[in-house]
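Proteins get letters first, then strands, A, B, ... in listed order; numbering begins at 1 in each.
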Amino acid sequence: MATLELQGIRKSFGTTHVLHGIDLAVAEGEMIVIVGASGCGKSTLLRIVAGLETATEGRVIIAGADVTRLEPKDRDIAMVFQNYALYPHMSVFDNMAYGLKIRGLPKAEIRARVQQTADLLGIGQLLERKPRQLSGGQRQRVAMGRAIVREPKLFLFDEPLSNLDAKLRVQMRAEIKRLQRRLGVTSLFVTHDQVEAMTLGDRLVVMHEGRAEQVATPMEIWRAPANTYVAGFIGAPAMNFLAAELVEGGAAAKLKAGATIAFADGVHPGGEGAPLIVGIRPEHIQAGSGPGSLPLKVDLVEPLGAESLIHGALPSGETLTVRMSDCSPLAGSVLPVVLPPASLHVFDAEGRRIEAVRRRERTAAAGAVGA
Amino acid sequence: MRKRVIFNDKGLPYLLLAPQLAITFVFFFWPAGQAIWFSFLRQDAFGIRTTFVGLENFVELFQDPLYLASAWNTVVFSFWVTLVSMAVALGLAVLADRHIRGAGVYKTLLIWPYAIAPAVAAVLWIFIFHPQVGLLGRFLREIGIAWDYKLNGGQAMLVVIVASAWNQIPYNFLFFLAGLQSIPKSVLEAAAIDGASAQRRFWTVIFPLLSPTTFFLLVVNIVFAFFGTFGVIDALTKGGPAKATETLIYKAYIDGRVNLDLGSSSAQSVVLMLTVILLTAIQFRYIERKVHY
Amino acid sequence: MMHGPIDATRLAAAERAAMKAEAARRRTDIVTHAILILGVVLFALPIWIVLMGSTHDVGTIARGEVPLLPGPYAVQNYLTALGEGSARTTRVPVALMMVNSFIMALLITVGKIAISLTSAYAVVFFSFPGRMVAFWSIFITLMLPVEVRIFPTFKVVSDLGMINTYGGLIIPLIASATATLLFRQFFLTIPDELVEAAKIDGAGPLRFFKDVVLPLSVTNIAALFVILFVYGWNQYLWPLLVTTSGDVETIVIGIVRMIGSEADTDWNLVMATAVLALLPPVAVVILMQRWFVKGLVETEK
């Protein structure tokens with residue numbers, strides 16, 4: 001168990017800049033999930049923490065010690081790989097014992113530790129098998145076991161669930177969370193799957209083009225995304241974005257699509273007529289006519305069972321996705337919709353979140369970085 | 001293509017490469033360089049004075065009727081060895097590829113002669129072709145044919161071609177068989193459903209699909225006939241009679257080792273090197289874009 | 001839908017056609033077998049003659065009575081060949097030649113595999129100045145087979161005083177671009193993650209080589225071992241150049257030197273020696289056919 005601190009990590013391959021200065025402080029026993037689309041630099045960041053890649057600039061500090069220049073083996077970390085990376089010619093036992101053997105532990109202790117870990121993971125009866133004789137889920141457990149048995153300061157997970165089928169993935173996800181809680185080892189978990197990120201992480205790091213767009217708890221990120229990228233990335237189906245401008249001295253937004261909506265949380269900073277982007281999640285939109293309602297011309301309805309996804313266009317030409325139960329309009333019909341003011345997210349023209357003036361304290365707590 | 005993950009040790013890779021590179025430099029590059037250098041020099045009769053003569057050794061070489069004759073021998077010899085060994089091997093491979101009982105046994109029985117050294121293969125064929133102690137040789141003489149490959153140049157050429165081709169057939173057989181077995185069965189079934197006869201199927205479907213294998217074997221066989229058959233010739237005919245079976249490689253050996261003609265032998269080495277480079281280049285072009293697609 | 005007699009006639013016709021096709025297929029099968037057996041016999045005949053001849057006395061063969069059945073002199077011929085050699089020509093015992101051939105083949109094989117493994121490992125798993133130069137230096141030797149540099153290489157070896165030594169016989173043949181390329185190709189297929197896992201487990205480059213790369217290369221090593229052993233055993237031109245004394249003479253060289261003029265050749269011993277010369281490589285190929293085929297196919301990729 002240990003803390004991890006990243007200070008101004010930058011990485012370039014030649015003239016390509018992959019990471020633009022990442023800062024992160026991880027508390028003891030915390031599970032941090034780094035999430036982002038492919039190519040956002042999340043794996044590179046993890047590999048820099050592991051010591052498999054060298055940062056161009058910045059420092060990696062594990063348990064208070066600067067390990068930036070150390071080889072992976074001297075960092076006391078363990079890693080679970082996407083394709084498991086089990087040694088194909090070694091038995092499950094040897095796979096798990098290899099790191100301990102290299103560190104010169106006594107045979108009896110190695111045996112005891114491997115057995116104990118294997119029992120913990122429910123693979124105690126597979127120790128003599130070779131990796132090719134195991135199912136995907138079992139391999140995944142062996143890969144976990146190899147990491148756990150070392151009792152490292154830090155666990156690193158590099159998309160360890162993405163090679164599993166959907167059902168097993170959900171099951172292993174819960175299992176990893178339980179194990180991590182139980183062992184209390186500080187962990188860094190990389191994934192591109194936002195559901196995995198939301199369910200696993202104590203806190204998330206949402207990465208985009210080499211920057212950490214936001215570092216916060218899953219619920220904070222969902223409730224108050226720091227910018228339009230994070231807002232669009234977290235949540236499915238993705239948040240709707242509509243063009244608007246600030247009116248009534250910052251107290252309301254006039255949508256390009258027609259209506260003017262008064263903010264529920266008070267005055268937003270900015271000049272009269274300043275361009276805004278207003279975001280609203282599909283599940284927060286309600287059906288209903290009356291003042292402030294917008295006519296949505298429906299072009300596709302996707303029934304999901306309990307709910308339906310309704311895709312359509314507003315008079316401004318902007319598309320809107322609505323998720324609602326017990327409402328199934330026909331394609332081609334016009335559905336009047338209302339955007340409840342309390343559910344609006346307000347962003348400036350560059351996509352940065354704008355909070356109402358009197359709620360500024362909360363913004364600071366969200367700890368937005370990078371923007 | 002290269003690995004993303006590497007070890008960072010500074011000295012170790014050099015240590016790991018040292019033995020291979022040392023041998024390569026001492027026994028490959030140094031002699032090859034010397035050959036190129038010496039090919040521009042000439043020693044006097046006593047081997048005392050050496051003078052730079054430019055391309056004169058090469059000019060002489062290509063004006064030397066003996067050298068041109070051995071070049072022609074090499075062409076004739078290589079052509080027939082390649083043709084015979086590839087044709088026979090292809091025929092046998094097509095038959096062994098049919099799903100008959102015991103196909104695996106035939107494969108084993110046809111592969112092993114490849115393990116026999118060319119020189120030993122030549123010794124085996126002595127007991128077939130030798131006019132006194134050879135089975136066929138004696139038979140031919142008994143029915144009145146003047147058979148003696150030690151006196152008749154044409155017969156000598158025939159004998160070295162047969163022994164060399166015999167030695168190379170298993171190799172070709174193996175590769176043709178592998179090539180045939182990699183042709184998807186569905187393609188053949190489609191051709192059969194289209195109503196193509198067995199013979200037509202072979203020439204319009206199988207043979208074109210085998211063309212990468214065929215081309216590869218063509219180069220390998222030419223290289224074998226050029227360089228690998230030295231033992232056959234040395235054991236059977238020693239290049240004779242009257243240099244009738246003296247190939248380029250055999251002549252280079254005689255001039256370098258026996259006649260100790262420094263300049264000419266070096267020039268011959270250089271010509272041979274250029275030949276190998278040419279053949280290798282052809283092979284790489286082929287690897288780049290497979291022949292039949 | 002049609003029923004009854006028409007169906008029956010149709011069935012009968014179909015059955016007849018099927019039987020005809022079956023008969024035709026059986027006929028072609030017989031022809032196929034016949035040709036293949038002919039091929040096998042053609043391949044076996046020279047060896048059969050030599051095998052049988054090696055069990056007769058010298059007179060029988062010299063008189064040209066090529067025997068096709070075993071004679072009574074097998075033990076005597078083989079013992080003479082192994083123990084004394086051909087008294088009328090080289091006088092080198094074949095047992096000594098076989099030992100020489102065996103040493104040469106084994107050392108060439110082990111040497112080639114060892115230095116190819118390490119150089120491929122260096123080229124694939126390390127990044128260092130001169131890496132590409134080293135790779136191309138090895139690669140280019142493909143274009144310099146010993147046959148094309150006979151004289152200059154002989155000169156270098158003789159300048160180094162290595163004529164008539166095992167060193168001179170073996171070391172120049174050990175460099176191998178083919179084996180290096182094969183191992184390089186294979187090493188490139190080892191997943192990066194495996195190296196990373198080993199690094200995190202604490203393995204350094206030598207440990208990774210010993211614990212992971214070598215065990216994973218076993219099949220490739222076995223395949224190469226078979227073809228390189230055959231290659232080494234069958235060397236002819238190079239031993240011919242660098243050995244002039246019987247002490248280091250190999251059996252492939254020895255057998256050719258045993259053949260003198262018709263009058264003073266111990267044909268029965270030549271035949272026995274031929275059998276002894278082809279037996280080890282043939283045995284290796286037959287017993288390890290799977291590896292042999294794999295080795296041949298892999299090295300030519």
Engineer: Got more than 12 heavy atoms from elsewhere within 6.0 Å of CD, E142(B)?
Structural biologist: yes
Engineer: Name the region of S116(C), side chain, backbone, both or neither, that has any atom closer than 4.5 Å to a heavy atom of chain B.
Structural biologist: both
Engineer: Which residue pairs pass the side-chain hydrogen bond (donor to acceptor under 3.5 Å, both in side chains) test when at least one of the two sits in residues 19-35 of chain B, sequence neighbours left out?
Structural biologist: Q20(B)-S119(C), Q20(B)-T180(C)
Engineer: Heavy-atom cut-off 4.5 Å, strictly under: side chain, backbone, both or neither for V40(C) against chain B?
Structural biologist: both
Engineer: Please classify the contact between I286(C) and chain B as side chain, backbone, both or neither, with a heavy-atom cut-off of under 4.5 Å.
Structural biologist: side chain
Engineer: Answer with side chain, backbone, both or neither: which region of F229(C) has an atom nearer than 4.5 Å to a non-hydrogen atom of chain B?
Structural biologist: neither
Engineer: Please classify the contact of V285(C) with chain B as side chain, backbone, both or neither, using a heavy-atom distance under 4.5 Å.
Structural biologist: side chain
Engineer: Pick one of side chain, backbone, both or neither for I171(C), based on which atoms fall under 4.5 Å of a heavy atom in chain B.
Structural biologist: both
Engineer: Given that the side chain runs from C-beta out, which part of L173(C) has a heavy atom under 4.5 Å from chain B: side chain, backbone, both or neither?
Structural biologist: neither
Engineer: Answer with side chain, backbone, both or neither: which region of P280(C) has an atom nearer than 4.5 Å to a non-hydrogen atom of chain B?
Structural biologist: neither
Engineer: Using heavy-atom distances under 4.5 Å, tell me whether M162(C) contacts chain B through its side chain, its backbone, both, or neither.
Structural biologist: side chain
Engineer: Under 4.5 Å heavy-atom distance to chain B, tell me which part of A198(C) shows up: side chain, backbone, both or neither.
Structural biologist: neither
Engineer: To the nearest 0.5 Å, what is the distance between OG1 on T141(C) and CZ on F28(B)?
Structural biologist: 5.0 Å
